[in-house]
Amino acid sequence: MSQSNLQSMFSNYIDQDTFFKNKDALTTNWVPDNILHRDEQIDDLASILAPALRGDDPSNVFIYGSVGTGKSLITRHVTNELHTVAKNESKDLEIVYINCKMKKVADTEYRLLAKLAGQLGDDVPSTGLPTDEVYNRFFEALQEQKGVVIIALDEIDALVKKVGDEFLYNLTRINDDLEETKVSIVGISNDLNFTEYMDSRVKSSLSEEEIIFPPYNAIELREILKDRADKGFREDVLKDGVISKCSALAAQEHGDARRALDLIRVAGELAERSESEQIVKQHVDRAQDKIERDRVVETVRSQPKHSKLVLYTILNATEDENEIATGDVYSEYKELCQNVEVSELTQRRVSGLISELDMLGIINANVKSKGRHGRTREISVDLSSNIKSQIRELVEEKFYI
DNA sequence: AGTCCACAGGAAGGGCAGGCGA
DNA sequence: TCGCCTGCCCTTCCTGTGGACT
């Protein structure tokens, strides 16, 4: 594009009518005034947390439901409202909301405690202190609060699976040592069988109350999406059937409202970029592709270098054959390492990297026993050729292959 | 019934970087 | 500066295992 073209493109961009009235309304972090199809859960959570307004400590609550069923949204909504009322009535109430899955933020016990202390006003360095010192700082910050502190831990299952449930045990016991502060915990989990990972003492004290969030069905999703689209898009930009299509696709993904919103927002962006008059169903198909591609490629990009090399090996090996075993991956990976002059890792580590890639949903690896011929994982890749070639390019660029 | 393959995957610990307090 | 602590990546060592083969 020549420079004058670039300028005219930019000025066109300014003049162009955008499809969006309020793009935030189409993101998952946005909390709408009226939340649809979750009245029961809102009432439940509100009545459990309400005692905080009288200075009593509310029961600990455990919230279950799969991705995109409104758990975080409802928790944020209810706690926001609670906080507003408490403020108006000048009650001592502090709300702390932490997402435990945020990388480098709260994915270890140390980081969680540091983050909790930080939100209560005591800045703790991101590393360097002994964990019990961080715990003490957090404890002191709590004691200074006085009144009720509600700690909402989102995606708590991810943290417990990673570091165990001991920190939860300590958290649930913290009330015994506090004098003027009362702590109540709201645990939010995507995994319905999550409590199996926990010690029974932690389980019973943490799930004094439980709220289940069922998946949305296609009709509910459509209403939710309609509501958000009315707020997010200008009038008449959506062609008939687009909302239904997004809801139907998201309903297949276990009733995931997050996916529905992503689909319609990205479809809007794609339509806008292609200078089309309206958002049509084809844009939704392309949005579906783009979301999946971005997810996979971004995940791969953030992997350590050896993980990339292992994936590259697997991609190449599965080109001629559908499945490959761990041992074969390892020998080809070693060869690749020699070619690109990188010192290779052990088989144990590569085995671990393969599990990680499997958990990230980039490859499929199933343990299979071949009798006399041993036990191994059969590894296959189920990605579109488009995504595969993007990953290859990414790795080749990095290692000058 | 027993053997044995080719790994899976747990446990422990080393080494390094980042960062604190003295 | 030094000693210490944590997280992270990795290695070493180890035990476990489903089912074809003997």
Side-chain angles (χ1 to χ4, degrees), chain A residues 98-118 121-141 155-156 158-167 170-171 196-199 299-314 317-318 321-338 340-380 395 398-399:
Chain A
I98 288 178
N99 187 325
C100 303
K101 214 178 173 181
M102 295 259 284
K103 277 230 160 180
K104 317 272 181 194
V105 175
D107 54 354
T108 64
E109 183 180 6
Y110 182 100
R111 284 180 178 152
L112 176 69
L113 288 170
K115 185 88 186 159
L116 284 169
D122 184 358
D123 274 332
V124 175
S126 56
T127 165
L129 299 177
T131 305
D132 45 342
E133 170 64 21
V134 183
Y135 186 82
N136 288 338
R137 292 239 203 145
F138 164 59
F139 187 82
E140 278 164 25
E155 312 222 31
I156 197 173
L159 185 54
V160 169
K161 277 178 205 164
K162 198 171 163 199
V163 302
D165 59 1
E166 215 180 292
F167 78 93
N170 295 333
L171 268 184
E196 283 170 22
Y197 295 88
M198 287 193 303
D199 186 289
T299 314
V300 173
R301 201 187 299 278
S302 65
Q303 291 305 299
K305 70 175 180 186
H306 283 284
S307 184
K308 289 195 183 91
L309 288 170
V310 169
L311 179 60
Y312 188 76
T313 309
I314 293 171
T318 50
E321 276 173 82
N322 284 338
E323 283 170 341
I324 182 168
T326 306
D328 298 336
V329 172
Y330 187 63
S331 49
E332 288 188 31
Y333 153 84
K334 272 205 294 197
E335 222 171 274
L336 177 65
C337 283
Q338 280 160 16
V340 297
E341 293 176 2
V342 170
S343 51
E344 74 247 22
L345 303 178
T346 56
Q347 176 150 347
R348 176 69 189 88
R349 182 65 192 135
V350 169
S351 168
L353 290 176
I354 292 172
S355 311
E356 284 168 30
L357 288 169
D358 182 29
M359 278 195 291
L360 290 167
I362 298 171
I363 61 172
N364 305 312
N366 297 310
V367 179
K368 260 233 169 115
S369 179
K370 294 180 182 169
R372 206 47 187 291
H373 306 290
R375 239 159 79 89
T376 183
R377 269 186 298 218
E378 283 188 340
I379 302 158
S380 61
V395 179
K398 184 163 168 80
F399 295 97

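Computed from a prediction, not measured in an experiment: that's the story for all the values here. By convention in this document, chain letters (A, B, ...) are assigned in the order of the sequence lines, proteins followed by strands, and residues within each chain are numbered from 1.
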Under 3.5 Å, which protein N or O atoms sit close to an N or O of nucleotides 11-17 of chain B? Give each pair with its distance.
none

What's the shortest heavy-atom distance between [X] and [Y], and which atoms?
X	Y	answer
A/L345	A/Y330	O-OH, 2.7 Å
A/I98	A/L112	CG2-CD1, 3.9 Å
A/I362	A/T299	CD1-CG2, 3.9 Å
A/Q347	A/G327	NE2-CA, 4.4 Å
A/L113	A/V134	CB-CG1, 3.7 Å
A/S380	A/T318	CA-CG2, 4.4 Å

Provide, to the nearest angstrom, the distance between the [atom1] atom belonging to [X] and the [atom2] atom belonging to [N].
X	N	atom1	atom2	value
A/R137	C/dT6	CZ	C1'	14 Å
A/N136	B/dC20	CG	P	18 Å
A/M359	B/dG9	CE	C1'	11 Å
A/Q303	C/dC9	CD	C1'	13 Å
A/E323	B/dC7	CD	P	15 Å
A/H306	C/dC8	NE2	C1'	14 Å
A/D358	B/dA8	CG	P	11 Å
A/E133	C/dC5	CD	C1'	11 Å

side-chain N/O [X] vs [N] OP1/OP2, d < 4.0 Å:
X	N	answer
A/S351	B/dA8	yes
A/T346	C/dT11	yes
A/R377	B/dG9	yes

Out of C/dC9, C/dG7, C/dT17, whichever nucleotide has its closest atom nearest the side chain of A/R375: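 Nearest listed nucleotide: C/dT17.
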Under 4.0 Å, heavy atoms only, any strand: does A/Q347 hit a base, just the sugar-phosphate, or nothing?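 Since only primed, P, OP1 and OP2 atoms lie under 4.0 Å of A/Q347, the category is sugar-phosphate.
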Indicate yes or no for a side-chain donor-acceptor contact from A/Y333 to the backbone of A/E344 under 3.5 Å, with no hydrogens or angles considered.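 No, A/Y333 side chain to A/E344 backbone: no donor-acceptor pair under 3.5 Å.
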Side chain to side chain contact (heavy atoms under 4.5 Å, CB included) partners of A/R372, counting only residues at least two apart: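 None.
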Straight-line distance of A/K398 NZ to A/L309 CG, nearest 0.5 Å: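 Taking NZ in A/K398 and CG in A/L309, the distance rounds to 9.0 Å.
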Using heavy atoms and a sub-4.0 Å distance, could you list which residues of residues 363-374 of chain A are near DNA chain B? By number, please.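 Residues of residues 363-374 of chain A that come under 4.0 Å of DNA chain B are, in numerical order, A/V367, A/G371, A/R372, A/H373, A/G374.
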